[in-house]
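Reviewing the structure listed below.
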Amino acid sequence: MERVSTLIIGSGFGGAVMACRLAEKGDKVVVLERGRRWLPEDYPSVSQRDWLWDEDQPEQQNGWLDFRYFGDMSVALGAGVGGGSLIYANVSVAPPPEVFEHGWPEAIRFDTLREHFRVSGEMLNVQTLPDHQWTPRTRLMHEAADKLGQRHRFRVVPQAISFDPDWHDGLDNAYSYARSKTWTNAQGRTQGTCVHCGNCDLGCPVQAKNTLDLNYLARAEQKGAEIRPLHHVRWIRPLQGGGYEVGVNDLDARAWRLIRADKVIVAAGSVGSTELLLRCRDQYKTLPKLSRALGRGWTSNGDFFTPAFYPDRDLAPSRGPTITSAIDYLDGSDGGARYFVEDGGIPDLLGNLLRHAGKHPKLARTRLAAALLEYRRDNTPFENMMPWFGQARDEPGGRFYLGRRWYAPWKRDRLRLSWDYRKAEQAVQGLADRHLALTEVTGGRANTPATWRWFKNLITPHPLGGCNMADTVKQGVVNHAGEVFNYPQLFVVDGATVPRSLGLNPSRTIAALAEHAAAQWR
């Protein structure tokens, strides 16, 4: 049986940071990632295949996006080496200091994380869109803020993208991949510069997007860490005398492995980490002393999307970075609702997927498909569309638990989410109404999606919580450094530990919290 020093489960913003920093400290680190190691030629944006991950049959279908449908709430997750960095929209922004004043362990304040925010920004090579590369959506955002008398709230957002200052859309074949300039990053990986191809969420073909496999994980491997893709962890069991035994499904070999580790770090994301620990506590009974707070305090981070149409305006949402700018209402000045409005983009290939959503076997019977098809028009449905995006600071209203399968009611082994929309209603409705106001003042046409108007359904790519950090076992699952209460040397370090909504893109905060956890390592 294999024995390792430190085993990390997952390779997103928590796992990648921990792998890097612990390998630098000399630990023998092994990272188990359920998804593939993706190469540019395999990205869905290039290959037009392998779009989806199937959690029920990962051996047969282990694609790019894991879409989980929980009734009133749906969650989009990345699957692959790099975790959520593969599918996120590059935004790397720190929340305002007041976010950390309530709901966190005493050891976590903005000043605690200030240096970690800076270091993570350097590692991710965070930049902002050059002024001469503003997209039509960026200009519409600026115009909307100005016409509402809110220009001071507008800002171009920091992004983990490498821009070429010489690029502009007036060049011949400006959007051609050949316009990308090759360079070598600080971790020795070859990348390109952004040519505004619009495929950020489906795999940047020129690798201008600074995904974790190109920086933190690359550094970890330089320092001796081993990354094993297509290794899906199913349970964790403590050993007498210390350490843990982990049961792993090797999806490639289609075989089970047992690995023993002195220390285990769970970093499978808000949904993945919470599900794994729930199974260990309630299904397999291997970690029975886990906090009763496990699964509680989950938030969607108030993600919301409103499509608006401008018949006489070409907004080219399939060109440029997916998100470029924001209008910041996090100060609560809008009747107490706190939110962060963003522009949005839709890659051409994703547009094709959306237009065929009604036929897709995983989506066909969902309200998501109905909402997407509501906006399908003719052969070019997106040229004149402005996808208003954003996040809102909602209250934690979700609880994950293991429930029954309809065809096997005697078994409680299906991940379920109980979500109270009323905890999100004020913040999300404020964001939805702001989308309409911004559309109206700029001459567009929009309606709040029926999925929210009628059913109070939401979709989030930014799930937070489930293994919340706290000062005591009654309040949460882990302490400020991610160590699990009642289980020494077992840690959770990822978005599952974030105990409250941030109201903006969470990747930078998760990375900073992981930097903090790694700094506590002895």
Side-chain angles (χ1 to χ4, degrees), residues 89-99 110 117 121 126-161 163 165 168-169 194 196 301-317 319-345 384-393 426-448 501-506 508:
N90 315 298
V91 178
S92 187
V93 58
E98 56 91 10
V99 164
F110 186 83
F117 279 122
V126 171
Q127 306 176 20
T128 55
L129 185 70
D131 291 347
H132 66 279
Q133 294 184 24
W134 279 23
T135 71
R137 292 175 285 115
T138 318
R139 290 191 286 272
L140 179 60
M141 286 278 286
H142 185 266
E143 175 189 332
D146 189 42
K147 286 184 174 179
L148 285 181
Q150 303 292 314
R151 182 184 293 185
H152 62 286
R153 297 184 185 276
F154 172 86
R155 58 168 157 154
V156 178
V157 294
Q159 301 177 83
I161 298 178
F163 292 105
H168 59 87
D169 61 5
C194 180
H196 289 230
N301 202 36
D303 273 276
F304 200 77
F305 161 57
T306 302
F309 294 95
Y310 293 78
D312 301 320
R313 197 164 184 163
D314 186 357
L315 291 165
R319 295 297 187 194
T322 301
I323 294 172
T324 66
S325 58
I327 304 173
D328 186 342
Y329 280 90
L330 289 172
D331 60 2
S333 60
D334 185 4
R338 300 174 187 271
Y339 50 83
F340 200 66
V341 182
E342 295 173 326
D343 63 314
N384 308 114
M385 187 176 84
M386 171 64 166
W388 295 103
F389 282 1
Q391 297 85 43
R393 199 174 296 166
Q426 180 188 14
V428 170
Q429 192 61 55
L431 174 58
D433 291 344
R434 181 61 59 185
H435 284 167
L436 299 184
L438 293 167
T439 302
E440 182 179 4
V441 78
T442 50
R445 173 178 57 83
N447 288 305
T448 299
S501 174
L502 302 176
L504 43 62
N505 310 69
R508 187 77 163 273

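Note that these values count all heavy atoms, side chains included, but never hydrogens, waters or copies made by symmetry.
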Quick one: list whatever passes ring pair (Phe, Tyr, Trp, His ring centres under 6.0 Å) with Phe154, sequence neighbours left out.
Trp134, His142
Suppose we screen for salt bridge (Lys or Arg N to Asp or Glu O under 4.0 Å). Which residues come up paired with Asp331, at least two apart in sequence or across chains?
Arg153
Does a side-chain heavy-atom distance below 4.5 Å link Val91 with Glu342?
yes
Could you list the residues that satisfy salt bridge (Lys or Arg N to Asp or Glu O under 4.0 Å) with Arg434, not counting sequence neighbours?
Asp334
Would you call Arg155 and Asp328 a side-chain contact if the rule is heavy atoms closer than 4.5 Å?
yes
Which residues satisfy the side chain to side chain contact (heavy atoms under 4.5 Å, CB included) test with Arg393, sequence neighbours excluded?
Pro96, Glu98, Val99, Leu330, Arg338, Arg500, Ser501
Does CD belonging to Glu440 count more than 12 external heavy atoms closer than 6.0 Å?
no
Scan for salt bridge (charged side-chain N to carboxylate O under 4.0 Å, His left out) pairs involving residues 137-146, sequence neighbours excluded, and state none if there are none.
Arg137-Asp343, Glu143-Lys147, Glu143-Arg313, Asp146-Arg151
Hits for side chain to side chain donor-acceptor pair (under 3.5 Å) against Thr135, two or more places apart or cross-chain, chain-then-number order -> Thr138
Would you please name every residue forming a salt bridge (Lys or Arg N to Asp or Glu O under 4.0 Å) with Asp303, sequence neighbours left out?
none
Please list, chain by chain and in numerical order, all residues satisfying ring pair (Phe, Tyr, Trp, His ring centres under 6.0 Å) with Phe163, sequence neighbours excluded.
none
Can you name the side chain to side chain donor-acceptor pair (under 3.5 Å) partners of Gln159, sequence neighbours left out?
none
Set of residues satisfying side chain to side chain contact (heavy atoms under 4.5 Å, CB included) with respect to Asp314, sequence neighbours excluded:
Ala316, Glu383
Applying ring pair (Phe, Tyr, Trp, His ring centres under 6.0 Å), name anything that partners Phe340, two or more places apart in sequence or on another chain.
none
Run the side chain to side chain contact (heavy atoms under 4.5 Å, CB included) test against Asp433 and tell me which residues pass, sequence neighbours left out.
Gln429
